[in-house]
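What you see is a predicted model; the values in this text were computed from it and never measured. Values below: all heavy atoms of this structure, side chains included; hydrogens, waters and symmetry mates excluded. Both ligands and their constituent atoms are indexed starting at 1 by order of listing.
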Amino acid sequence: MKDPGEFGVEAPKKQDLTYDSYLKVQELLETQKPLSKPQVHDEMLFIIIHQVYELWFKQILHEIGALEKAIEADEVIFSIKILKRILRIQDVLNQQIQVLETMTPNDFNYFRSLLNPASGFQSYQFRILEFRLGIRNAAYTRFYEKQPQAKKQLEDILQQSTFYDTCLHFLARQGLEIPTEHFHRDLSRSHNPSEKIASEMAKVYQNPKKHVQLYEFLELLLDMDQKMGIWRFRHVQMVERIIGITMGTGGSRGVDYLNSTLGKRAFPEIWLSRKYIIDALGEKPGEL
Ligand code: HEM
């Protein structure tokens with residue numbers, strides 16, 4: 001095994017290292033501070049589940065950074081490996097909503113007013129994720145007035161190209177005709193889906209054997225987008241179960257607002273490509 005010193009890392013004094021000192025478990029377990037007095041039982045669950053989400057968001061953003069580098073270096077197989085990990089994390093995120101669904105409207109109501117005006121709108125890691133992938137709307141930055149660093153980070157991202165742009169550059173290097181106009185647009189908004197890009201992607205699907213790696217790559221991106229959609233849907237259903245059609249603590253129309261986000265797509269042309277694949281097949285009346 002290599003000496004850690006070879007990587008410029010100082011070797012830890014092994015005898016001092018413990019599970020707790022390495023993972024900072026003590027510090028971690030001190031960060032759950034329920035506001036209710038006397039403490040309402042379910043507030044602990046509410047805090048922990050949000051913290052767990054934020055940790056996974058951090059890991060996903062970490063993976064997206066590595067993924068972007070791999071794609072820029074045309075390392076498609078390695079990109080696929082990273083994408084698969086992200087998808088598994090998303091499965092965990094989607095699964096754990098059900099833990100929160102064990103909280104009844106009554107249980108939540110005991111401490112809900114104490115949270116006001118804090119809201120999921122202020123989860124800057126969630127918004128960074130959306131913005132980095134390509135789902136952009138500068139209006140959301142107003143929710144971060146009390147978190148100036150987060151606001152600045154989000155504003156900076158809105159001036160940079162998206163993760164999806166990195167993917168499209170890669171596809172262009174692989175021979176797909178991606179119109180260059182796409183890269184010269186207002187980066188602070190989600191882009192308008194391009195028919196040309198969708199029809200180019202359709203070519204990959206029309207001959208998956210020839211383009212097997214690109215096919216796999218596009219399908220995994222689609223999975224990522226779909227799993228984000230599943231999270232939105234699971235979240236809004238859980239919200240409706242717990243607070244019905246009442247307003248959100250962030251001031252939105254709650255379930256109505258959340259339902260309006262269900263159509264968001266990070267990689268719209270991969271979805272749109274289906275139209276071209278089907279159109280190219282022409283009318284083939286099925287036998288009943
Ligand atoms: C009892 C549990 C929950 C309720 C009642 C709830 C309710 C809401 C509501 C009403 C909104 C709309 C914004 C507003 O007006 O506040 C919202 C947004 C949001 N919530 Fe939750 N939420 C809950 C749990 C969670 C959990 C566990 C997460 C995990 C991170 C989460 C993440 C978010 C995010 C990221 C948004 C912004 C979504 C967007 O703008 O597309 N929420 N939530």
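Within the 4.0 Å heavy-atom criterion, the part of R127 lying near ligand 1 is the side chain and not the backbone. Heavy atoms of M247 found under 4.0 angstrom from ligand 1: none, in either backbone or side chain. With a 4.0 Å heavy-atom cut-off, ligand 1 is reached by the side chain of L100 but not by its N, CA, C or O. Using a 4.0 Å cut-off between heavy atoms, E54 makes no contact with ligand 1 at all. Neither the backbone nor the side chain of Y124 has any atom closer than 4.0 Å to an atom of ligand 1 (non-hydrogen atoms only).
Near G251, with a cut-off below 4.0 Å to any heavy atom, the atoms of ligand 1 are 15 (O). Those atoms of ligand 1 that come under 4.0 Å of a heavy atom in G254, given as number and element, are 10 (C). Close approach to S119 involves these atoms of ligand 1, each under 4.0 Å from a residue heavy atom: 13 (C), 14 (C), 16 (O). Close approach of ligand 1 to F46 is summarised as follows: ligand atoms under 4.0 Å from at least one heavy atom of the residue are 1 (C), 2 (C). Using a 4.0 Å cut-off to heavy atoms of M103, the atoms of ligand 1 that qualify are 1 (C).
Between F111 and F108, the angle of the ring planes goes over 60°, which puts this pair in the perpendicular group of the 30/60° scheme. The aromatic rings of Y164 and H182 sit perpendicular, their planes meeting at an angle over 60°, well past the 30° parallel limit. Aromatic ring pairs are classed by plane angle as parallel below 30°, tilted from 30° to 60° and perpendicular above 60°; the pair Y140 and F121 is tilted.
When the shell of 6.0 Å around CG of N192 is examined, it contains 12 or fewer heavy atoms from other residues, nucleotides or ligands. A 6.0 Å sphere centred on CD of Q149 holds no more than 12 heavy atoms belonging to other residues, nucleotides or ligands. At most 12 non-hydrogen atoms from other residues, nucleotides or ligands lie less than 6.0 angstrom from OH of Y110.
In this comparison of H235, R232, M228, the heavy atom closest to atom 19 (C) of ligand 1 sits on H235.
Residue contacts with ligand 1 leave out K264, since none of its heavy atoms falls under 4.0 Å from the ligand. Taking a 4.0 Å cut-off on heavy atoms, F143 fails to register as neighbouring ligand 1.
A side-chain donor-acceptor contact under 3.5 Å links Q125 to the backbone of E54. Checking side-chain atoms of N94 against main-chain N and O of R234 turns up no donor-acceptor pair under 3.5 Å.
At least one N/O-N/O distance between S252 and ligand 1 falls below 3.5 Å. Every N/O-N/O distance between Y140 and ligand 1 stays at or above 3.5 Å. Between S123 and ligand 1, not a single N/O pair is under 3.5 Å apart. Here's the thing with T261: none of its N/O atoms is less than 3.5 angstrom from an N/O atom of ligand 1. By the 3.5 Å distance cut-off applied to N or O atoms, G250 is counted among the residues near ligand 1.
Expressed to the nearest 0.5 Å, how far CG of L35 lies from OG of S113 amounts to 10.0 Å. Here the CZ atom belonging to F131 is positioned 8.0 Å from the CD1 atom belonging to I157, to the nearest 0.5 angstrom. Rounding to the nearest 0.5 Å gives a distance of 10.0 Å between CG of L220 and CD1 of I86.
Ranking the protein heavy atoms by distance from atom 30 (C) of ligand 1 puts Y53 CB, 3.5 Å first. Nearest protein heavy-atom contact of atom 39 (C) of ligand 1 is Y257 OH, 3.2 Å. Looking from atom 7 (C) of ligand 1 to the surrounding protein, the closest heavy atom is V239 CG2, 3.5 Å. The shortest contact between atom 38 (C) of ligand 1 and any protein heavy atom is with F126 CE2, 3.9 Å. The protein atom (non-hydrogen) at minimum distance from atom 5 (C) of ligand 1 is F108 CE2, 3.7 Å. Nearest protein heavy-atom contact of atom 25 (C) of ligand 1 is H50 NE2, 3.2 Å. Atom 34 (C) of ligand 1 has G120 O, 3.6 Å as its closest protein atom, hydrogens excluded (heavy atom only). With respect to atom 9 (C) of ligand 1, the closest heavy atom belonging to the protein is L258 CD1, 3.8 Å.
Put simply, the residue from R136, R185, E269 that forms a side-chain hydrogen bond (donor to acceptor under 3.5 Å, both in side chains) with H191 is E269. No option in Q122, Q153, K152 other than Q122 meets the side chain to side chain contact (heavy atoms under 4.5 Å, CB included) test with Q147.
Taking the six-membered ring for Trp, F126 and Y53 have ring centres at least 6.0 Å apart.
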Please step through salt bridge (charged side-chain N to carboxylate O under 4.0 Å, His left out) for the pair K69 and E72, ending with a clear verdict.
-> CA-CA 5 Å; K69 284 199 184 109; E72 277 163 0; over 6 Å; no
